[in-house]
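Only one structure is covered here, and it is reproduced in the block below.
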Amino acid sequence: MTEKILVGYDGSAFAEQALDWAIEEAKAADAPLTVVVSTGRPVVADAAITGPFLERIEEEAEETAKAGVQKALDAGINAQGVLERGDVAGVLVHESGANSLIVLGKRGLHGIRGRLGSVSAATAAHAKCPVIVLPDGWTAQDGDFSGKVVLAVDKLGPKSPAVRHAASYAKRHGKGLSIVTVIPTITSLPSGSAELDKAIADQLTEPARTLCQAVEDVALEQAPGLETKIHVLSGRPADALVEASSSADLVVLGTRGHGGFRGLLVGSVSQAVLVDAACPVMVVPNKSEADAD
């Protein structure tokens, strides 16, 4: 599918940040940009009372869309605005089928607030294309993942669509790809044997590394010449990814996890990563691919 980028926009500071990111991504991908503004859910009431109010809402939404489009045009991007009525997340999910990427601020969009805005959470969970959710603001720290795209590997391994998207993004932006998986930490062993320690650690580490190597092969097929490195970490998956995000440029993961990332986007791991990640997070839908196996 031809690259097409969509950004949810409402003129808020969070949305301006998302628009700026989307403009830069459109430049990098040489892709058109659609600026989507929603007026919200229709109000069913006496038209004599609500008519002027709704008209003003639509006028403001149209002005907002025009401002967003003009900003993109001024940056040299082929851009258009779309003004929709309805639930914001529903509008974005509906539009996702015709686009290759959605960009959203973590908060904003008609004043929705919370640790993780309901619009960004719902869109990331149900969109048919990848969604990038931007934190309120971030400054990358020096660390193991500086200048890297972090790909979270689960048991789908090389079959996950997240692999292809992470590799393509890293290649396009001239960044390395860090392939990350997490194994449980062994806190105690009954024998206290160093040899047994190593044997158990190897039993956990080697399959994880083998899976990551298969992921690496697919990533290099997608993006030949890409700089890659495998990281087999130990601990809690959510903690490991959030820590990695402090120095990474982007964290990429699928909408459904298996094994260490089970419950992604419906459980504690997804909440920790999407809410607490210091850098932008790309969520890639993988339900159809997983169900096909």
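If you read the sequence from its start, that first residue is 1, and numbering goes on from there.
Of the residues listed (Asp144, Val150, Val232), the one engaging Val180 in a side chain to side chain contact (heavy atoms under 4.5 Å, CB included) is Val150, and it is the only one.
In this structure the side chain of Phe145 never reaches within 4.5 angstrom of the side chain of Val251, judged on heavy atoms. Using a 4.5 Å heavy-atom cutoff, the side chains of Leu250 and Val252 are in contact. Taking the side chain as every heavy atom from C-beta outward, Ile5 and Thr34 never approach each other to under 4.5 Å. Using a 4.5 Å heavy-atom cutoff, the side chains of Val153 and Leu253 are not in contact. A heavy-atom distance below 4.5 Å is found between the side chains of Leu104 and Val131. Counting only heavy atoms from C-beta outward, the side chains of Ile77 and Leu73 never approach each other to under 4.5 Å. With a 4.5 Å cut-off on side-chain heavy atoms, Ser100 and Pro130 do not count as touching. Annotation: side chain of Val82 is not in contact with side chain of Val37 (no heavy-atom distance under 4.5 Å).
Going from atom CG of Leu220 over to atom CD of Glu227 covers 11.0 Å, rounded to the nearest 0.5 Å. Between atom CD of residue Glu60 and atom CG of residue Asp10 there is a gap of 11.5 Å, rounded to the nearest 0.5 Å. In this structure, SG on Cys279 lies 9.5 Å from CG on Leu241, to the nearest 0.5 angstrom. Between atom OG of residue Ser246 and atom CG of residue Asp276 there is a gap of 12.0 Å, rounded to the nearest 0.5 Å. Asp154 CG to Thr181 OG1: the interatomic distance, rounded to the nearest 0.5 Å, is 8.0 Å. Between atom OG of residue Ser178 and atom NZ of residue Lys229 there is a gap of 7.5 Å, rounded to the nearest 0.5 Å.
Judged by distance alone, the side chain of Asn99 and the main-chain N or O of Glu95 form a donor-acceptor pair under 3.5 Å. Judged by distance alone, with hydrogens and angles left aside, the side-chain atoms of Ser146 form a donor-acceptor pair with the main-chain N or O of Gly143 at under 3.5 Å. Listed for the Lys106 side chain is a donor-acceptor partner under 3.5 Å among the backbone atoms of Val275. In terms of modelled atom types and a separation under 3.5 Å, the side chain of Ser96 and the main chain of Ala127 share no donor-acceptor contact. Panel note: side chain Ser160, backbone Gly157; no donor-acceptor pair is recorded below 3.5 Å.
Look at Glu16 and Lys71 and you find a salt bridge, because one of the NZ, NE, NH1 or NH2 atoms lies within 4.0 Å of a carboxylate O, short of that distance. A salt bridge links Arg172 to Glu3: one of the charged nitrogens lies within less than 4.0 Å of a carboxylate oxygen. A salt bridge links Glu24 to Lys27: at least one charged side-chain nitrogen sits closer than 4.0 Å to a carboxylate oxygen.
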Tell me, with the steps shown, if Ile102 and Val7 meet side-chain contact (heavy atoms from CB on, under 4.5 Å). CA-CA 6 Å; Ile102 294 176; Val7 59; over 6 Å; no
Test log, rule side-chain contact (heavy atoms from CB on, under 4.5 Å), inputs Gln213 and Ile230: CA-CA 7 Å; Gln213 288 171 341; Ile230 292 172; 3.6 Å; yes
Test side-chain contact (heavy atoms from CB on, under 4.5 Å) on Glu25 and Ile23; report intermediate values, then the result. CA-CA 5 Å; Glu25 190 59 31; Ile23 287 172; over 6 Å; no
Would Ile183 and Leu233 satisfy side-chain contact (heavy atoms from CB on, under 4.5 Å), going step by step from the backbone distance to the final call? CA-CA 6 Å; Ile183 61 174; Leu233 308 178; over 6 Å; no
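In His173, the NE2 atom is crowded: over 12 heavy atoms of neighbouring residues, nucleotides or ligands sit closer than 6.0 Å.
Between Ala31 and Lys4, the closest heavy-atom pair is CB-N, 4.4 Å. Heavy atoms only, all atoms of each residue included: Ala61 and Leu83 are closest at CB-CD1, 3.3 Å. Listed here is the closest heavy atom pair of Ala166 and Leu151: CB-CD1, 4.0 Å. Nearest heavy-atom pair, Ala278 versus Pro135, reported as atom, atom and distance to 0.1 Å: O-CG, 3.5 Å. Minimum heavy-atom separation, Ser245 to Ala277: OG-CA, 3.4 Å. The nearest pair of heavy atoms linking Val91 to Ser38 is CG2-OG, 4.2 Å.
Side chain to side chain, Thr228 and Glu216 meet the donor-acceptor criterion of an N or O pair below 3.5 Å. Looking at Asp74 and Gln70, their side chains do bring a donor and an acceptor atom within 3.5 Å of each other.
In the hydrophobic clustering of ILVMFWY residues, with side-chain heavy atoms under 4.5 Å counting as a link, Val284 and Leu211 come out together. Linking ILVMFWY residues whenever their side-chain heavy atoms come closer than 4.5 Å, directly or via other members, places Val69 and Tyr9 in the same cluster. Transitive grouping of hydrophobic side chains (ILVMFWY, heavy atoms separated by less than 4.5 Å) keeps Val93 and Val35 in distinct clusters. Criterion: ILVMFWY side-chain heavy atoms under 4.5 Å apart, direct or through other members. Under it, Leu226 and Val215 are part of a common hydrophobic cluster.
Under the 30°/60° scheme for interplanar angles, the aromatic rings of Tyr169 and Trp21 are found to lie parallel.
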